[in-house]
Enquirer: 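Sharing a structure, written as structure tokens. Questions coming.
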Amino acid sequence: MAGSGSFRILVGADGSDQSKAAMDWAIEESRLRGGEVQALTAWNFPYVSDALGTAWDYDIFQKDAQAILEAELERVKDRGVPITGRIVEGNPASALIDASRDADLVAVGSRGHGGFTGMLLGSVSHQTIHHAHCPVLVIREPGSA
């Protein structure tokens with residue numbers, strides 16, 4: 001168990017249906033175990049720019065991440081389980097892997113925003129299952145077989 005003595009589930013929250021399904025699962029599992037949930041939203045700057053040299057409004061990336069996390073925490077409030085949220089600047093997979101050191105389980109969606117249609121696992125879930133410091137549960141797309 002994580003250092004708090006309570007079973008802690010870390011959930012990757014990116015606003016996708018898959019991450020919402022992972023959050024819903026984590027809440028129910030935490031309720032059964034008397035545990036807690038931590039939602040983690042990661043953001044990073046784009047790697048490309050346009051040919052015109054347009055300047056990015058860099059604050060918008062963090063603000064978007066904050067809005068995604070706040071919306072998810074609002075959606076799941078009052079579910080009878082302690083739920084906290086955290087925003088991290090950086091690669092989502094790296095952020096989840098690092099945060100998994102303090103978790104008993106990581107729950108992620110099979111594909112989030114930016115995934116390629118037809119992939120069995122998204123790059124974030126794939127990297128997380130191979131490098132996390134605790135077990136990882138991947139929630140498949142709702143309605144998929």
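This chain uses plain numbering: 1 for the first residue, then up along the sequence. Everything numeric in this text was worked out from a predicted model, so none of it was measured.
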Enquirer: Quick check: does any side chain N or O of Ser30 sit under 3.5 Å from a backbone N or O of Ile27, one acting as donor and the other as acceptor?
Expert: no
Enquirer: Could you state the interatomic distance from CG (Leu40) to OG (Ser100), rounded to the nearest 0.5 Å?
Expert: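 Here the interatomic distance stands at 10.5 Å.
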Enquirer: Say you draw a straight line from OG of Ser16 to CD of Glu72; how long is it, rounded to the nearest 0.5 Å?
Expert: 9.0 Å
Enquirer: Got a donor-acceptor contact below 3.5 angstrom from the Asn44 side chain to the Glu89 backbone?
Expert: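 No, Asn44 side chain to Glu89 backbone: no donor-acceptor pair under 3.5 Å.
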Enquirer: Taking atom types as modelled, is there a side-chain donor on Glu70 or Gln66 under 3.5 Å from an acceptor on the other?
Expert: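 Per modelled atom types, Glu70 and Gln66 side chains form a pair under 3.5 Å.
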Enquirer: Assigning hydrophobic clusters by single linkage (Ile, Leu, Val, Met, Phe, Trp, Tyr; side-chain heavy-atom cutoff under 4.5 Å), is Val11 placed with Val81?
Expert: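 Yes.
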Enquirer: State, to 0.1 Å, how close Gly90 and Ala42 come at their nearest heavy-atom pair, and which atoms those are.
Expert: O-CB, 3.7 Å
Enquirer: Is any NZ, NE, NH1 or NH2 atom of the basic residue among Asp24 and Arg79 found under 4.0 Å from an Asp or Glu carboxylate oxygen of the other?
Expert: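 Answer for the salt bridge query: yes.
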Enquirer: If you compare all heavy atoms of Val106 against all heavy atoms of Cys134, which two are closest, and at what distance to 0.1 Å?
Expert: CG2-SG, 3.6 Å
Enquirer: Return the minimal non-hydrogen interatomic distance between Ala93 and Gln127, and the atom names on each side.
Expert: CB-OE1, 3.4 Å
Enquirer: Can you give me the closest heavy-atom contact between Lys20 and Gly15, atom names plus distance?
Expert: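 Smallest interatomic distance, heavy atoms only, reads CE-O, 3.5 Å.
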Enquirer: So Glu36 and Thr84, do their side chains get closer than 4.5 Å, heavy atoms only?
Expert: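 In short, these two side chains do not touch, never coming nearer than 4.5 Å.
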Enquirer: Which distance, rounded to the nearest 0.5 Å, do you find between the CG of Leu10 and the CD1 of Ile97?
Expert: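 That separation rounds to 11.0 Å.
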Enquirer: Answer whether the closest heavy-atom distance between the side chains of Trp43 and Ile87 falls below 4.5 Å.
Expert: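 The answer is yes; the side chains approach within 4.5 Å.
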Enquirer: I want to check something: taking the side chain as every heavy atom from C-beta on, are Leu105 and Phe7 in contact at a cut-off of under 4.5 Å?
Expert: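 Leu105 reaches Phe7 side chain to side chain.
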Enquirer: Identify whether Ile60 and Leu69 are in the same connected component of the hydrophobic contact network (ILVMFWY, side-chain heavy atoms under 4.5 Å).
Expert: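 In one cluster: yes.
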Enquirer: Quickly, which of Leu137, Val108, Val136 forms a side chain to side chain contact (heavy atoms under 4.5 Å, CB included) with Ile129? Name it, please.
Expert: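 Only one of Leu137, Val108, Val136 forms a side chain to side chain contact (heavy atoms under 4.5 Å, CB included) with Ile129, namely Val136.
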Enquirer: My understanding is that only one of Ile139, Ile9, Val76 makes a side chain to side chain contact (heavy atoms under 4.5 Å, CB included) with Met23; could you say which?
Expert: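 Only one of Ile139, Ile9, Val76 forms a side chain to side chain contact (heavy atoms under 4.5 Å, CB included) with Met23, namely Val76.
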Enquirer: Looking only at heavy atoms, what is the nearest atom pair of Val37 and Ala26, with distance?
Expert: CG2-O, 3.7 Å
Enquirer: Taking the side chain from Arg101 and the backbone from His133, do they hold a donor-acceptor pair closer than 3.5 Å?
Expert: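 No, because the side chain of Arg101 does not come within donor-acceptor range (under 3.5 Å) of the backbone of His133.
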Enquirer: So which heavy atom on Ala13 is nearest to which on Thr41, and how close?
Expert: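 Looking at all heavy atoms of both residues, the shortest contact is O-OG1, 2.8 Å.
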Enquirer: To the nearest 0.5 Å, how far apart are CG in Asp59 and CG in Asp64?
Expert: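 Asp59 CG to Asp64 CG: 11.0 Å, rounded to 0.5 Å.
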